[in-house]
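Step one of this worksheet: look at the structure below.
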Amino acid sequence: MNKADEDKLPTILENNIARRESAVIDDEAAVLSRENLASAREDAAQMREGVADLREDAAHLRGTAAQVREGEAHVREGAVTSREQGIRAVESEQATSDDQVLMLREANSNLVIATMEAHRLTEQVESAKVELDHLAHHDALTSLPNRMLMQDRLSQAIEVARRQRRQLAVMFMDLDGFKHINDSLGHGVGDQLLQSVAQRLVDCVRHSDTVSRQGGDEFLLLLPYIEHADDAALSAQKMLTALAAPHLIDRIDIHISASIGISIFPDNGQDAQTLIKCADTAMYYAKQNGRNNFKFFEQDMNTRAVQRQSIESSLRQALELQEFVLHYQPKVDLQSGTIVGAEALIRWQHPQRGLLSPVEFVPIAEDSGLIRPIGRWVLREACRQVRTWLQAGLPPITVAVNTSALELRAEDFLENLRAILEETQIEPHYLELELTESVLMRNAESTGSLLQAIADLGVKLAIDDFGTGYSSLSYLSRFPIDTLKIDQSFVNRMNGNPDDANIVSAVISMGKSLGQRVIAEGVETPEQHASLVALHCDEGQGYYFGRPVPAEALATLLQAGLSLSIPH
Ligand code: C2E
Ligand code: MG
Ligand code: MG
């Protein structure tokens with residue numbers, strides 16, 4: 001109730017009372033009882049009291065309202081304060097969060113940059129990892145899988161083949177004469193040749209096959225799916241054919257061949273290591289078999305490989321222990337039957353295995369480089385023997401010493417030869433060096449001057465096993481060669497095969513026209529002897545005239561009359 005209403009309140013009540021009093025008077029007038037009149041007066045007195053109470057209440061209410069108004073104002077004030085405080089708090093909060101937002105924004109952008117940087121670094125690390133991984137598993141020169149990756153793939157392929165009960169093939173390939181190309185044409189050409197070989201190998205195998213480079217000029221191939229060993233043979237032949245076409249490098253056509261060894265899972269081995277070893281062993285036999293061919297592994301190759309290993313280790317001490325000995329095989333003048341010379345042939349008196357033929361250890365000595373000290377010993381021993389025979393008053397003969405290409409390439413070969421001639425005091429023409437055709441083919445320039453220097457000393461030169469190599473006529477006329485030794489394979493077949501007879505005849509004519517002596521090796525029968533005499537061959541050597549014998553036995557032959565009694 002507002003103040004105006006409160007003030008009107010007593011007036012309204014008084015008006016009501018007045019209306020009641022007039023109604024009572026009207027009633028008195030209408031002759032109401034005196035009691036009703038008295039009670040009406042009483043009511044009116046009570047009403048007047050009630051009005052006084054109401055006035056009091058209204059005053060009280062008025063006070064209360066003022067208090068409430070005051071309280072309200074106070075509350076209003078308080079609210080304002082707290083709202084302001086609130087606003088201020090919010091405002092300050094706002095300021096703080098604005099700073100934070102800025103900082104956040106800054107942090108955020110830093111974070112973005114850092115993330116991008118991290119991403120870039122991760123990418124770099126990833127690509128470096130990929131590169132490293134590639135480097136670790138591939139050969140840098142050819143990009144082919146390397147030894148490690150091959151080992152992995154082979155092991156996996158073996159597991160698959162084992163589960164599926166299938167065969168797989170491992171091929172070990174080694175280039176023939178690569179070292180010579182590298183030495184004579186330079187490493188740059190050698191490297192390009194290896195790349196060209198790698199490409200051809202990749203081109204001629206199946207997608208599922210793996211071609212890897214083991215190092216140097218060695219390649220290892222995995223054919224994980226073969227039906228039969230013949231499949232591997234076909235692949236090997238395909239590779240040899242692919243490699244045979246000339247490789248054009250630095251505008252030079254380079255010819256190269258390879259030797260391949262093949263091993264088969266499960267026949268030759270159950271694990272990668274064994275299969276690789278077997279293929280390697282078989283490759284070695286392919287090399288021995290004249291190169292440019294392939295060989296499957298056979299069990300007895302292993303036995304031979306073990307023997308080879310033991311030979312190599314004991315070969316090192318054989319010189320010190322004086323286990324080598326020279327045997328001499330007579331060379332006979334075919335017209336007179338006179339012994340005109342002898343070939344010194346080395347043997348090894350092995351403490352456990354008896355007298356070993358050079359076929360069993362000379363190739364090993366050549367591979368290990370031991371042929372050089374051994375060769376020097378042979379040369380000195382042969383020259384010493386010549387002087388002993390001469391001092392014993394025996395008729396002089398020329399002694400031939402086999403000289404392998406490796407010995408000849410030693411820088412001190414000539415110097416050593418001179419020193420031995422000096423030391424043993426023999427006339428140089430009593431010494432002849434037997435060289436193989438391959439020596440002439442290698443680096444013709446330097447070989448030519450070395451051979452000339454040897455000839456200038458007075459030492460004779462012979463070409464051994466003539467006809468099996470590739471020497472051309474121009475080489476033969478260019479080098480100071482005294483003697484051609486026709487290879488025993490032609491002599492052996494000359495009486496049964498007209499082609500071989502023709503070759504023997506051609507070599508004899510050629511030698512004569514070049515002013516060289518011609519000697520037939522491996523004469524075993526009177527027929528061969530007769531044919532050679534008829535062809536005017538100069539000399540002969542072979543079991544028919546005499547086997548290689550110890551020095552004393554040859555001395556006896558020489559003493560016996562200089563002439564071998566040739567059975568007719
Ligand atoms: P080579 O120089 O061609 O020697 C001839 C080989 O044929 C010798 O074998 C000889 O015993 C054998 N032979 C001789 N006449 C006959 C015959 O009528 N029939 C048959 N079937 N064979 C005959 P050997 O002594 O076993 O020597 C084998 C090879 O070992 C030699 O072949 C030679 O290349 C090499 N060699 C021998 N001694 C030396 C050496 O001191 N140094 C080097 N580097 N190699 C040597
Ligand atoms: Mg010989
Ligand atoms: Mg020979």
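For ligands, and for the atoms within them, numbers begin at 1 and follow the listed sequence. What's counted below: heavy atoms across the whole structure, side chains too, no hydrogens, waters or symmetry copies.
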Record the part of His327 in heavy-atom contact with ligand 1 below 4.0 Å; permitted values are side chain, backbone, both and neither. neither
Is [X] in polar range of ligand 1, meaning some N or O pair under 3.5 Å apart?
{"X": "Gln488", "value": "yes"}
{"X": "Thr403", "value": "no"}
{"X": "Pro548", "value": "no"}

If you have a sec, read the angle at the Mg ion (ligand 3) from Asp465 atom OD1 over to Glu521 atom OE2, to 10 degrees.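 Between OD1 of Asp465 and OE2 of Glu521, at the Mg ion (ligand 3), the angle is about 80°.
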Does the side chain of Gln516 come under 3.5 Å of the side chain of Thr483 through a donor N or O and an acceptor N or O?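 No, no side-chain donor-acceptor pair sits under 3.5 Å.
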Going by the atom numbers of ligand 1, which of them fall below 4.0 Å from some non-hydrogen atom of Glu524? 17 (C), 18 (O), 19 (N), 20 (C), 21 (N)
Find all atoms of ligand 1 within a distance of less than 4.0 Å from any non-hydrogen atom belonging to Gly522, and give their numbers and elements.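 The list of qualifying atoms is 16 (C), 17 (C), 18 (O).
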Contact flag Asp487/the Mg ion (ligand 3), N/O/S atoms, threshold under 2.8 Å: no
The Mg ion (ligand 3) to nearest N/O/S of Asp464 less than 2.8 Å: yes
My question is simple, although I want it checked carefully: is atom 22 (N) of ligand 1 less than 4.0 angstrom from any protein heavy atom? yes
Please report whether atom 32 (O) of ligand 1 has a protein non-hydrogen atom at a separation of less than 4.0 Å.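 No, no protein heavy atom sits under 4.0 Å from atom 32 (O) of ligand 1.
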Would you say [X] touches ligand 1, if touching means a heavy atom closer than 4.0 Å?
{"X": "Glu366", "answer": "no"}
{"X": "Lys485", "answer": "no"}
{"X": "Arg347", "answer": "yes"}

To make sure I understand the geometry: which N, O or S atom in Glu343 is closest to the Mg ion (ligand 2)? OE2
Check Glu434 and report its N/O/S atom nearest to the Mg ion (ligand 2), by atom name. OE1
Please work out which of the three classes, parallel, tilted or perpendicular, describes the rings of Phe545 and His529, given edges at 30° and 60°.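 Rings of His529 and Phe545: perpendicular, as their planes differ by over 60°.
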